[in-house]
Every structure is written in structure tokens, then in C-alpha cells.
Amino acid sequence: MKIILITGPPYCGKGTQAKIIEGQFGFRHISTGDAVRAEKQSGSDLGLTMASFSERGELVPDEIMKDLFAKVLDKNRTEEGILLDGYPRTRLQVDHLLELTEARNLSIRSVINIEVPKEELLVRAKQRAEGSDRPDDKDRNTHLRRIEIFEQQTKPCIDYLQNQALVLSLSGIGNVEQVSKRIAACLP
Ligand code: AMP
């Protein structure tokens with residue numbers, strides 16, 4: 001089973017693109033953000049703990065994410081492969097991902113890295129906030145914090161992953177269709 005990662009800053013459109021790729025290529029889309037929100041919806045203590053981080057734009061701690069990710073990975077293994085959206089986001093999560101995939105004899109085929117400049121991300125964040133009921137979408141400080149965490153913690157993971165898998169970097173500027181065509185053209 002192949003694993004493809006999709007990554008990029010918050011508001012770059014990776015969730016939307018992941019759904020399109022899932023439809024086109026048949027990969028199973030796993031979003032750790034969706035998993036966090038589902039856990040919160042269930043009303044569990046764990047879900048409320050996770051929401052206390054995500055609703056402030058902070059990352060959920062790595063050890064909690066490791067368990068959650070292992071659970072969703074094992075629930076979603078398919079022949080067609082997995083498109084993993086939103087994990088890993090820290091250097092320790094890269095280690096956890098490699099540990100969990102190696103233990104299951106899975107390997108990371110490629111990383112789709114969507115690039116969008118900060119000014120454009122902030123415009124999109126504002127637009128999304130207007131039509132969204134996500135608590136972590138609401139205010140500009142949360143938008144800035146999420147982008148800052150991406151720059152400080154997630155971007156270095158992408159550089160590190162270059163040693164493990166083929167990283168396909170492409171521009172996320174343009175409309176949804178233009179970006180999805182770019183992705184489809186470079187997927188192996
Ligand atoms: P997303 O929908 O991918 O933007 O994720 C929404 C929120 O869920 C993030 O802002 C984090 O608080 C939390 N989250 C999702 N994935 C991770 C992760 N890999 N590590 C830590 N927190 C995460």
C-alpha cells in the first residue's frame with residue numbers, strides 16, 4: 001500500500017485538493033484535522049483536550065497525535081493507498097510516522113507540497129472565516145499563529161522528508177481546478 005502525504009501551510013487549500021485527488025485516484029483521504037474534530041464531536045475527554053489546543057490555533061501534543069494517527073491509519077488501510085493530510089507537522093511526528101509505517105511494512109511514496117505566500121494565506125483565511133463554523137477559523141490572531149507554527153515547525157519537516165521520499169513542490173496560487181491539474185500532472 002502506498003502512502004502519499006499532502007502538506008502546505010494552513011489555508012493553502014490542501015483539504016479541498018485532497019478530496020479531489022481521493023476522487024480521481026481512489027486513494028483514501030485521511031485528515032488528522034478531521035480526526036481531531038470527530039473526537040471532539042464524540043464528546044470524549046480526549047476530544048475536549050485536543051479541542052483546547054486546536055481552537056487556539058496550537059498543535060495537539062505529539063504523543064496524543066501519535067495514538068490518534070495510529071488509530072486512523074489502522075482503520076483506513078486500503079489496497080489503493082492513503083493520502084495523508086495534516087500529518088506529520090513536527091519533527092517528532094516525522095519520527096512517529098516513520099516508526100508506525102515501518103512497523104506495518106508501509107512506505108511513503110511521495111509528498112505533495114503546496115506553496116502559497118503568507119499574504120495570500122491571510123486573504124484566504126479571512127474569506128474562510130466568513131463562511132465557516134470552525135472555532136479555529138475565527139480570528140486573525142489564530143490565523144497568524146497557525147501560519148507561524150507552520151513556518152517554525154512544519155516547514156523543516158518537509159526539508160527533512162526530502163531524504164525519505166520524493167517531495168513534489170507546486171504553486172497553490174490560482175483556482176481550485178488549476179491547482180488540482182498541477183497536482184495530477186506531477187503525481188507518480
Ligand atoms: P487541519 O484541519 O489540518 O487544519 O487541523 C486542525 C487542527 O487540528 C490543527 O490546527 C491542530 O490543532 C490539530 N491538528 C491536526 N493535525 C495535527 C497534527 N498532525 N499535529 C498536531 N495537531 C494537529
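None of these values were measured; they are calculated from a predicted model. As a basis for the values below, the full set of heavy atoms in this structure was taken, side chains included, without hydrogen atoms, waters or symmetry mates. In listed order, ligands and their atoms are each counted from 1.
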Check each atom of ligand 1 against the heavy atoms of [X] and keep those under 4.0 Å away; list them by number with element.
X     : answer
Gln93 : 18 (C), 19 (N), 20 (N), 21 (C)
Arg37 : 2 (O), 6 (C)
Glu58 : 11 (C), 12 (O)

What protein heavy atom lies closest to [atom]? Include the residue and the distance to one decimal.
atom                    : answer
atom 4 (O) of ligand 1  : Arg146 NH2, 2.5 Å
atom 5 (O) of ligand 1  : Gly33 CA, 3.4 Å
atom 8 (O) of ligand 1  : Ser54 CB, 3.9 Å
atom 22 (N) of ligand 1 : Val60 N, 3.0 Å

### Query
Charged N to carboxylate O below 4.0 Å: is that the case for Glu151 and Lys118?
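The answer is no: the pair does not qualify as a salt bridge.
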### Message
For Ile108, run the side-chain contact (heavy atoms from CB on, under 4.5 Å) check against Leu98, Ile4, Leu166 and tell me which one passes.
### Response
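Filter result, single survivor: Leu98.
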If we only count N/O pairs under 3.5 Å, is [X] in contact with ligand 1?
X     : answer
Pro88 : no
Asp85 : no
Tyr87 : no
Leu59 : no

### Winner among Met65, Arg89, Arg145 once heavy atoms are compared against atom 1 (P) of ligand 1
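Considering heavy atoms of Met65, Arg89, Arg145, the nearest to atom 1 (P) of ligand 1 sits in Arg89.
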Kindly list each side-chain donor-acceptor pair under 3.5 angstrom involving residues 23-33, sequence neighbours excluded, with atom names and distances?
{"residue": "Arg28", "atom": "NH1", "partner": "Asn76", "partner atom": "OD1", "Å": "3.0"}
{"residue": "His29", "atom": "NE2", "partner": "Asp85", "partner atom": "OD2", "Å": "2.9"}
{"residue": "Ser31", "atom": "OG", "partner": "Gly33", "partner atom": "N", "Å": "3.3"}
{"residue": "Ser31", "atom": "OG", "partner": "Asp34", "partner atom": "N", "Å": "2.9"}
{"residue": "Thr32", "atom": "OG1", "partner": "Gly86", "partner atom": "O", "Å": "3.0"}

### Query
Roughly how far, to the nearest 0.5 Å, is the CD atom of Gln17 from the CG atom of Leu83?
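With rounding to 0.5 Å, CG (Leu83) is 10.5 Å from CD (Gln17).
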### Task
Tell me, please, which residues at least two apart from Pro88 pass side-chain contact (heavy atoms from CB on, under 4.5 Å).
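Per chain and number, Pro88 pairs via side-chain contact (heavy atoms from CB on, under 4.5 Å) with Leu5, Gln93, Val94, Leu97, Leu161.
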### Query
Parallel, tilted or perpendicular for Tyr87 and Phe69, by the 30°/60° rule?
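It falls in the parallel class, under 30°.
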### Query
Shared ILVMFWY cluster between Leu84 and Val72, side chains joined below 4.5 angstrom?
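Leu84 clusters together with Val72.
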### Message
Quick one, Glu99 and Lys66 - any side-chain contact, counting heavy atoms below 4.5 Å?
### Response
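A side-chain contact exists here, since the closest heavy-atom pair is under 4.5 Å.
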